[in-house]
Amino acid sequence: MDAVKNAAKKFLPAAAVKGLKSAVVSRKLRSAFHYDLNRYKQYSSSIVATEHQHNLRALITERYHSVEKGLSLPSPRPGFGANTIRTLLGHVDEYLTRFGADEFLETVGSVLSAYLDFNREAGVGQADVPQFDRINALLGKIGSIPNSAGVREISRQDIDVAISGVGLDFFLTRHSVRQYAPEPVETDAVEFAAAAALKSPAVCNRQFSRVYSYLERESIDKVLRVQGGANGFSDQLTGLAIITTNLRSYWNEGQRNQAWVDGGLFAMSFILGLHAQGIGTVALNWSKGPELDQKMRTTTGISQEEVIVMLVGFGRLRDEYKVATSPRQSLESVLTLDPPVSLV
């Protein structure tokens, strides 16, 4: 193939070479975009938002989180959200009929219970609370309602205590590490990092990112052979994670890229969760075409409805090790304070 390229460059005009390259690139791009389009169309909630349990959960989550957001406003309007409540209850009724009461609906019930409490404390009579009877009937069907959703009070003092030891150095000392100690990473360290990742922002609270973590040498090697971007240090890694996000969590053209946004935030929180424990990490990209994407799914068993966002290699730190300097841009080049805003 290289010989053909070199011959083309030698004997064809530059414009012809450029045209041929454009045709090849266009064909590959069309194939990749078509691959993404078909998977998003098949698994997202764009066409049938209630087809699968996960799709329905995403829809319900988006609605109940609207209620949570309303309750968290500085001055919520008593009786707010009549249309949202009505739509939410319709979806919940369908969920109950098809899948029954479960832990997910307990969370929804907790939000609706908080909504009733808010209106009662605001002096709103039952007749003026949107869908009061339907909410009460639903809470009876769901059963046990944990106090895990709605709103809660946060003390600034608690935040000050939690962040008192965290400065800019915490972020500046995180590097991409390619030299590791041989000691294994324990499962509880991975669980700590995953718990940190669970606090990542997600569109409308649709928390459907996942971590597939590998701590066994054979599994790490098999996955990295497909990824192909850790040559020269793959044997140093004692842990590996694959970050994914489920396409069923999104709908319509406006959310077509949201899986990578949510998954990227989740991955960064996971990395910082490992860094907080003194565990080194290296981000490994998954910018691959359809063929390799399918090969990774065959190797790992990751489902078609999930997008593979990236991989994270990790391991215990040596007492001393080298990292790439990787100079960053100046602060002035990335930060624009108070840019002009058009009033049109």
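When a residue number appears, it is its place in the shown sequence, counting from 1. What you see below is based on every heavy atom in this structure, not just the backbone, and it leaves out hydrogens, waters and symmetry mates.
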For the ring pair Phe314 and Tyr180, is the centre-to-centre distance below 6.0 Å?
no

Determine yes or no for a side-chain-to-main-chain donor-acceptor pair under 3.5 angstrom, with Tyr40 supplying the side chain and Asn252 the backbone.
yes

Residues, nucleotides or ligands: over 12 heavy atoms within 6.0 Å of His34 NE2
no

Atom CD1 of Ile220 and atom OH of Tyr214: how far apart are they, to the nearest 0.5 Å?
10.5 Å

What are the two closest heavy atoms between Arg318 and Gln179, and how far apart are they?
NH1-OE1, 3.6 Å

Can a salt bridge be assigned to the pair Arg316 and Glu186 using a cut-off of 4.0 Å between side-chain N and carboxylate O?
yes

Could you tell me whether Asp93 and Arg134 make a salt bridge, using a distance below 4.0 angstrom between a side-chain N and a carboxylate O?
yes

Distance (rounded to the nearest 0.5 Å) between Ser66 OG and Asn83 CG:
11.5 Å

Residue set satisfying ring-ring contact (aromatic ring centres under 6.0 Å, His included) with Phe104, at least two apart, ordered chain then number -> Tyr95

CG of Leu112 to CD1 of Ile85: how many Å apart, nearest 0.5 Å?
5.5 Å

Scanning both residues in full, the closest heavy-atom pair of Ala241 with Val211 reads CB-CG1, 3.9 Å

Spatial distance of atom OH (Tyr212) from atom CD1 (Ile243) [nearest 0.5 Å]
10.5 Å

Salt bridge (charged side-chain N to carboxylate O under 4.0 Å, His left out) pairs touching residues 280-302, sequence neighbours excluded, are Asp293-Arg297

Is it the case that more than 12 heavy atoms not belonging to Glu216 sit under 6.0 Å from its CD atom?
no

Considering non-hydrogen atoms only, spot the tightest contact between Ala276 and Phe192 and give its length.
CB-CE2, 4.3 Å

Given Gln207, Gln258, His54, Arg206, the one that forms side-chain hydrogen bond (donor to acceptor under 3.5 Å, both in side chains) with Ser249
His54

Backbone N/O of Gly273 and side chain of Gln277: donor-acceptor pair under 3.5 Å
yes

What are the two closest non-hydrogen atoms of Ser44 and Tyr250, and how far apart are they?
CB-O, 3.3 Å

Please report, to 0.1 Å, the donor-acceptor pairs under 3.5 Å made by any side chain of residues 337-344, with sequence neighbours excluded.
from	atom 1	to	atom 2	distance (Å)
Ser342	OG	Val344	N	3.2

Which atom names give the shortest non-hydrogen contact between Ala189 and Leu274, and what distance separates them?
O-CD2, 4.1 Å

Below 4.5 Å, heavy atoms only, C-beta onward: do Leu240 and Leu284 meet side chain to side chain?
yes

Same cluster for Val203 and Trp251 if Ile/Leu/Val/Met/Phe/Trp/Tyr side chains link at under 4.5 Å?
no

Using the side-chain hydrogen bond (donor to acceptor under 3.5 Å, both in side chains) rule, pick out the option among Arg39, Gln42, Arg248 that qualifies with Glu305.
Arg248

What's the verdict on ring-ring contact (aromatic ring centres under 6.0 Å, His included) for His275 and Phe170, showing C-alpha distance, side-chain angles and the deciding distance?
CA-CA 8 Å; His275 179 56; Phe170 172 76; 4.9 Å; yes

